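Just so it is clear: chains get the letters A, B, ... in the order the sequence lines come, proteins before strands, and each one is counted from 1. All of these numbers come straight from a predicted model, not from anything done at the bench.
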2 protein chains.
Amino acid sequence: MAREHAVLRLAVDLCILTVREGSLQVLVVERGNEPYRGRLALPGGFLRGDEEPSAAAIRELGEETGLDGTRLHLEQLPVFGAPDRDPSGRVVSVPYLAIAPDLPVPRPGSDATGARWSPVASLVSGGTLAFDHHDILDLAVERARASLENTTVAAVFCDDLFTMGELRGVYEAVWGISLDPRNFSRKVTKTAGFVEPAGARRTDGVGRPAALYRRGPVGRLNPAMLRSSMSS
Amino acid sequence: MAREHAVLRLAVDLCILTVREGSLQVLVVERGNEPYRGRLALPGGFLRGDEEPSAAAIRELGEETGLDGTRLHLEQLPVFGAPDRDPSGRVVSVPYLAIAPDLPVPRPGSDATGARWSPVASLVSGGTLAFDHHDILDLAVERARASLENTTVAAVFCDDLFTMGELRGVYEAVWGISLDPRNFSRKVTKTAGFVEPAGARRTDGVGRPAALYRRGPVGRLNPAMLRSSMSS
DNA sequence: CCAAAAGTGTTCGACGTACACCCATGC
DNA sequence: GCATGGGTGTACGTCGAACACTTTTGG
């Protein structure tokens, strides 16, 4: 019958992605506590008594970075539960992928000394991050790439008002390829509910002013955005 | 700083789907222990000390149903962690979607009195299942539907050798629509690595004998199978 | 012969790709 | 003018949908 149940703690880890300076970046913190004190890691913390995991993710997001989790896209990834993944004891981690526009990080964390954006490409595989956070990062990036194909979350990477060029920049940064601006624009505007024209235009220095858009009501993308070729 | 961590147990619940008699069915057990003794539920149990969640899922699969979990397709779904989801205490559940061919269920469970297949359609929403297992079922069915579009798991619903008609029957049962046999066959055989011809043919009573196939090496389906229309 | 299931050929239309071309701005 | 980015028009190819038609079995 029932043998001894595992005595464990449940952690929530956050992989917060954004697009800055044309590259995909992730929010990392320098750990202030053992284990792995001083090492870079994904922000996170333990689940409390009466908390849903998703509520814990939103709370940690606020505590460690000052970001408002209720306004971000949050997506749960498969749990990490290797018995020896945390040297301080049995901890199962519930990782979340969060997608944020390019925001400053106002409040440095309490448990962590300073949160900052780091390009995903500069965190070489198997290298710098504490725990198994590199595996979580890989999973989150792959999920983000897939989500751009089938959903409209790309717009969550942008501010409230954005141009086609900015939205296309999200796809190019996350997928690491370049897209044809003309076909991209048509595809997005012809997909009902993806974006809504905001009427205004923006002049960013050189070039013809671009029309501004805001997010539309539709979440799923059908037909999907195609990652294959479409290159320019 | 760190407030009290949640004291909790981690459960693993299994949503084992198969296609029997032309309909999508799920394996349910009658609970032998409190809470919800006597009610139908998804098979599952608690995580042990040195166990990965996925290993616990495979172990529970064997204990409660006698099925060999290492031969099935296993996919983790988002966790369920509402604080009051289990009246006996704080339990966070890691649900798994398992996909099985139409097999008998040899060994009745130890914790549960008798496992049996039940058509998904007959488990009316919000009705019979214990805990929040109905939400888990809905999630698993939706995931299975999506997986048929993008992966070759449909073949895992079938035996080692199967006909095009059987494979198509999986799609029709899981999606609840009918597909054009002629276009379906072409689409599958032209997707390299989905299925491999086994050479032999099978005569199932009436009609022209069907060629037999086995699973191919490819897991992801590109381009995807389309659920929209294609009806006959 | 007839019914039923397996499979092939073919036409049509939708859509993705590529690219020529025009528009509006800063310098 | 010229470079730069925004946006439209359009031709071509690919692929999914629909369906006529042939093949091979059982009754």
**Student:** I want to check one thing: is the phosphate of C:dA6, taken as OP1 and OP2, less than 4.0 Å away from some side-chain N or O of B:Arg168?
**Tutor:**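 Result: yes.
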
**Student:** On a heavy-atom basis, which atom in A:Val188 and which in A:Leu167 lie closest, and how many Å separate them?
**Tutor:**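 The answer is CG1-CD2, 4.0 Å.
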
**Student:** Find the distance between CE (A:Met225) and OG1 (A:Thr151) and round it off to the nearest 0.5 Å.
**Tutor:**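 Reported to 0.5 Å precision, the distance equals 11.0 Å.
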
**Student:** Measure the distance from CG on B:Leu226 to P on D:dA18 and round it to the nearest whole Å.
**Tutor:**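 In whole Å, D:dA18 P lies 12 Å from B:Leu226 CG.
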
**Student:** Give a yes/no answer on whether the side chain of B:Lys187 brings an N or O atom under 4.0 Å of OP1 or OP2 in D:dC15.
**Tutor:**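 For D:dC15, neither OP1 nor OP2 has a side-chain N or O of B:Lys187 closer than 4.0 Å.
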
**Student:** Just compare D:dG26, D:dT23, D:dC19 and give me whichever is closest to any side-chain atom of B:Val206.
**Tutor:**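 Shortest atom-to-atom distance from the side chain points to D:dG26.
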
**Student:** Does the distance from a Lys or Arg side-chain N to an Asp or Glu carboxylate O, for A:Asp102 and A:Arg20, drop under 4.0 Å?
**Tutor:**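 The answer is yes: the pair qualifies as a salt bridge.
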
**Student:** Do you know the tightest heavy-atom contact between A:Gln76 and B:Val79?
**Tutor:**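 Scanning both residues, the minimum pair turns out to be OE1-N, 3.1 Å.
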
**Student:** Distance check needed: C:dA18 C1' versus A:Phe184 CZ, whole Å only.
**Tutor:**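 Interatomic distance, CZ of A:Phe184 to C1' of C:dA18: 17 Å.
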
**Student:** Check each residue of residues 188-201 of chain B for a non-hydrogen atom within less than 4.0 Å of any atom in DNA chain D, then write out the ones that pass by number, or none.
**Tutor:**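 Residues of residues 188-201 of chain B under 4.0 Å from DNA chain D: none.
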
**Student:** Taking the nucleotide of DNA chain C with the closest heavy atom to each, which residue, A:Arg186 or A:Gly207, is nearer the 5' end?
**Tutor:**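 This one resolves to A:Arg186.
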
**Student:** Who pairs with A:Tyr96 by ring-ring contact (aromatic ring centres under 6.0 Å, His included), at least two apart in sequence or on another chain?
**Tutor:**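 Counting only residues at least two positions away or on another chain, A:Tyr96 forms no ring-ring contact (aromatic ring centres under 6.0 Å, His included).
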
**Student:** Could you state the atom-to-atom distance from CG of A:Leu179 to P of C:dC19 in whole Å?
**Tutor:**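 So the CG-P distance, A:Leu179 to C:dC19, works out to 15 Å.
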
**Student:** Which nucleotide wins on minimum distance to the side chain of B:Asn183, given the candidates D:dC19, D:dG7, C:dG7?
**Tutor:**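 For the B:Asn183 side chain, the nearest candidate turns out to be D:dC19.
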
**Student:** When only distance counts, do a donor and an acceptor, one from the side chain of B:Arg208 and one from the base of C:dA6, lie under 3.5 Å apart?
**Tutor:**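 Side chain to base: pair found, below 3.5 Å.
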
**Student:** With sequence neighbours left out, what residues match A:Tyr171 under ring-ring contact (aromatic ring centres under 6.0 Å, His included)?
**Tutor:**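 In terms of ring-ring contact (aromatic ring centres under 6.0 Å, His included), with neighbours along the sequence ignored, A:Tyr171 is linked to A:Trp175, A:Phe184.
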
**Student:** Please report, rounded to the nearest Å, how far the C1' atom of D:dT8 is from the CE atom of A:Met164.
**Tutor:**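 Taking atom C1' of D:dT8 as the reference, CE of A:Met164 is at 14 Å.
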
**Student:** Given A:Val28, which partner from the list A:Thr128, A:Leu137, A:Leu40 fulfils the side-chain contact (heavy atoms from CB on, under 4.5 Å) test?
**Tutor:**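 Exactly one candidate clears the test, A:Leu40.
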
**Student:** Of all the choices, D:dT24, C:dG16, D:dC19, which nucleotide is nearest to the side chain of B:Asp180 once you look at every atom?
**Tutor:**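 Out of D:dT24, C:dG16, D:dC19, the nucleotide with an atom closest to B:Asp180's side chain is D:dC19.
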
**Student:** Would you indicate which nucleotide in D:dG6, C:dC19, D:dA18 comes nearest to any side-chain atom of A:Arg182?
**Tutor:**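 Comparing D:dG6, C:dC19, D:dA18 against the side chain of A:Arg182, the answer is C:dC19.
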
**Student:** Pick the nucleotide of DNA chain D nearest each of A:Leu212 and B:Ala224; which residue has the one closer to the 5' end?
**Tutor:**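 It is A:Leu212 whose nearest nucleotide is closer to the 5' end.
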
